[in-house]
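Just below is one structure, and these are the notes that go with it.
Model, not experiment: these values are computed from the prediction. Chain letters run A, B, ... following the sequence lines, proteins first, then strands; residues in each count from 1.
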There are 2 protein chains.
Amino acid sequence: MARTQGSHSDITGPRIREAAIRLFARHGYAAVSMRQIAKDVGVQAGALYNYTPDKQSLLYRLMRDHMRELLAAYDALGQGGDAQDALRRFVGFHIRFHLERPDEVFIAYMELRNLTPDNFAEIEDLRRKYENELEGILHQGQQSGLFSIADTKIATLAVIAMLNGVMTWYRSGGRLSLDEVEQAYWDMVRRSVTA
Amino acid sequence: MARTQGSHSDITGPRIREAAIRLFARHGYAAVSMRQIAKDVGVQAGALYNYTPDKQSLLYRLMRDHMRELLAAYDALGQGGDAQDALRRFVGFHIRFHLERPDEVFIAYMELRNLTPDNFAEIEDLRRKYENELEGILHQGQQSGLFSIADTKIATLAVIAMLNGVMTWYRSGGRLSLDEVEQAYWDMVRRSVTA
DNA sequence: ACCGTATCTGAACACATGTTCAAATAGAAC
DNA sequence: GTTCTATTTGAACATGTGTTCAGATACGGT
């Protein structure tokens with residue numbers, strides 16, 4: 001026995017991605033075996049190697065694609081307005097983008113230590129690019145007198161950490177709507193940097 | 001060959017703890033084997049089982065003890081002053097306590113998913129207790145008109161997330177002193193909740 | 001000096017791991 | 001209908017996993 005019905009690269013490829021994302025997010029990269037992923041897809045373990053050279057690359061590509069999507073989506077937002085407008089745009093974007101992909105986000109910042117040094121460096125580079133977008137906003141607001149920030153680097157990381165916290169508890173259909181959550185975080189972020 | 005020179009429960013026990021903390025923090029619970037821990041201690045894998053019934057309990061006790069220490073240390077801080085004083089005390093305590101134990105902290109919130117359901121529930125209970133301390137402060141400040149917070153539950157988690165961010169970047173001997181870091185975070189936290 | 005016990009070793013167990021590959025087959029192209 | 005190739009299987013490989021345990025040994029008490 002070998003090739004099964006309905007087998008095709010266009011189908012199996014994405015299904016492997018989806019299964020890996022779900023399983024890595026749920027149990028962690030190290031705790032998930034190639035056989036578990038294969039079983040979830042409905043295929044034997046060996047078949048996975050038509051789509052990834054090894055387990056490490058599977059993780060790396062997941063994270064790399066996620067970070068690229070993040071940067072591309074933020075870029076597509078466009079610019080305009082003053083620093084406060086830009087900050088508000090950033091907060092809203094960050095919350096919504098991340099809540100739409102909880103599994104990818106979880107992986108992207110929980111599995112960094114399971115990347116090889118080379119892969120780690122590349123992902124870190126992408127992450128830095130995103131942080132720089134926020135730091136640029138804060139820096140500009142500080143220059144123009146709109147914000148009052150002791151250290152823009154600290155503030156950047158503090159704001160991102162604060163926003164990331166939303167993923168540890170928010171569940172759609174819960175007590176608060178997405179708009180209410182966004183409003184609450186925006187209030188806190190705005191006040192934490194405003195002069 | 002068997003029992004080696006200088007072997008004693010009082011020595012090996014703590015060394016196993018320390019090795020497990022370091023290795024779990026560095027590579028993750030699932031990626032660290034009992035043999036690696038044993039090698040780090042300078043002992044055979046079998047010897048570990050004089051100190052822990054199994055690998056899971058090793059992780060659980062690490063996290064449980066850490067959370068208990070956290071709660072005990074915060075309790076020992078004492079009370080007094082208004083909500084703003086209490087909040088300042090909380091911020092300073094949280095930053096300092098967590099920066100003193102980066103490995104334990106890392107484990108305590110990265111390895112939750114590797115706990116059995118029972119163990120997970122117990123750790124979550126302790127974490128909740130700690131969060132309630134902060135929520136109490138915010139709630140009291142809101143009642144007394146000192147703070148202006150839309151939702152104390154969100155604010156609690158946002159503040160803790162913000163403070164936890166410090167551990168992702170702070171290194172002693174870096175650009176900023178501990179006092180400067182504490183001051184910067186306190187400024188942001190205060191402004192984010194103050195009326 | 002001897003004994004008893006706490007402590008550790010080393011080997012073993014059964015099973016899981018990532019990865020490779022010849023052989024088998026389903027679907028596309030003609 | 002035949003051929004060709006992309007795709008999958010199933011078995012195998014070497015190594016690693018958590019855990020157990022009989023036997024060996026060093027230390028504390030007498």
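Scanning all heavy atoms of the two residues, the minimum distance from Gly92(B) to Glu182(B) falls at CA-OE2, 3.4 Å.
For the pair Tyr51(A) and dT8(D), the criterion of a side-chain N or O lying under 4.0 Å from OP1 or OP2 is met. Phosphate proximity of dT7(D) to Thr12(A): absent, as no side-chain N or O sits under 4.0 Å from OP1 or OP2. Proximity of Gln44(B) to the phosphate of dG10(C): a side-chain N or O atom is located under 4.0 Å from OP1 or OP2.
Judged as a salt bridge (charged side-chain N to carboxylate O under 4.0 Å, His left out), the pairs with a partner in residues 27-52 of chain B (not counting sequence neighbours) are, in order, Arg22(B)-Asp40(B). Applying the salt bridge (charged side-chain N to carboxylate O under 4.0 Å, His left out) test to residues at least two apart or on different chains, the pairs with a partner in residues 66-77 of chain B are Glu69(B)-Arg101(B). Residues in residues 70-91 of chain A take part in these ring pair (Phe, Tyr, Trp, His ring centres under 6.0 Å) pairs, two or more places apart or across chains: Tyr74(A)-Phe90(A), Tyr74(A)-Phe93(A), Phe90(A)-His94(A), Phe90(A)-Tyr130(A). Applying the ring pair (Phe, Tyr, Trp, His ring centres under 6.0 Å) test to residues at least two apart or on different chains, none of the pairs has a partner in residues 139-181 of chain B. Screening residues 17-46 of chain A for ring pair (Phe, Tyr, Trp, His ring centres under 6.0 Å) gives Phe24(A)-Tyr29(A) as the qualifying pairs, with residues at least two apart or on separate chains.
Whole-Å rounding puts the Leu58(B) CG to dG18(D) C1' distance at 12 Å. For Lys39(B) and dT9(C), the NZ to C1' distance is 17 Å, given to the nearest whole Å. To the nearest angstrom, C1' of dG18(C) lies 15 Å from CG of Leu59(A). Put simply, CE on Met34(B) is 21 Å from P on dC13(C), counting in whole angstrom units. With rounding to whole Å, Ile16(A) atom CD1 is found 11 Å from dT7(D) atom C1'. In this structure, Asn50(A) atom CG and dT19(C) atom C1' are separated by 13 Å, rounded to whole Å. In this entry the distance linking CD1 of Ile11(B) with C1' of dC27(D) reads 12 Å, nearest Å. Regarding Leu48(A), its CG atom lies at a distance of 14 Å from the C1' atom of dT17(C), rounded to whole Å.
There is a side-chain donor-acceptor pair under 3.5 Å between Gln183(B) and Asp187(B).
Considering only side-chain atoms of Lys55(A), the nucleotide from dC8(C), dT19(D), dT19(C) that sits closest is dT19(C). Side chain of Tyr49(B), nearest nucleotide from dT20(D), dC8(C), dT8(D): dT20(D).
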Within the sub-3.5 Å range, which N or O atoms of nucleotides 11-16 of chain D have a protein N or O partner, and how far apart are they?
{"from": "dA12(D)", "atom 1": "N6", "to": "Arg35(A)", "atom 2": "NH2", "distance (Å)": "3.4"}

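Using a 4.0 Å heavy-atom cutoff across all strands shown, Val41(B) reaches no nucleic acid atom at all.
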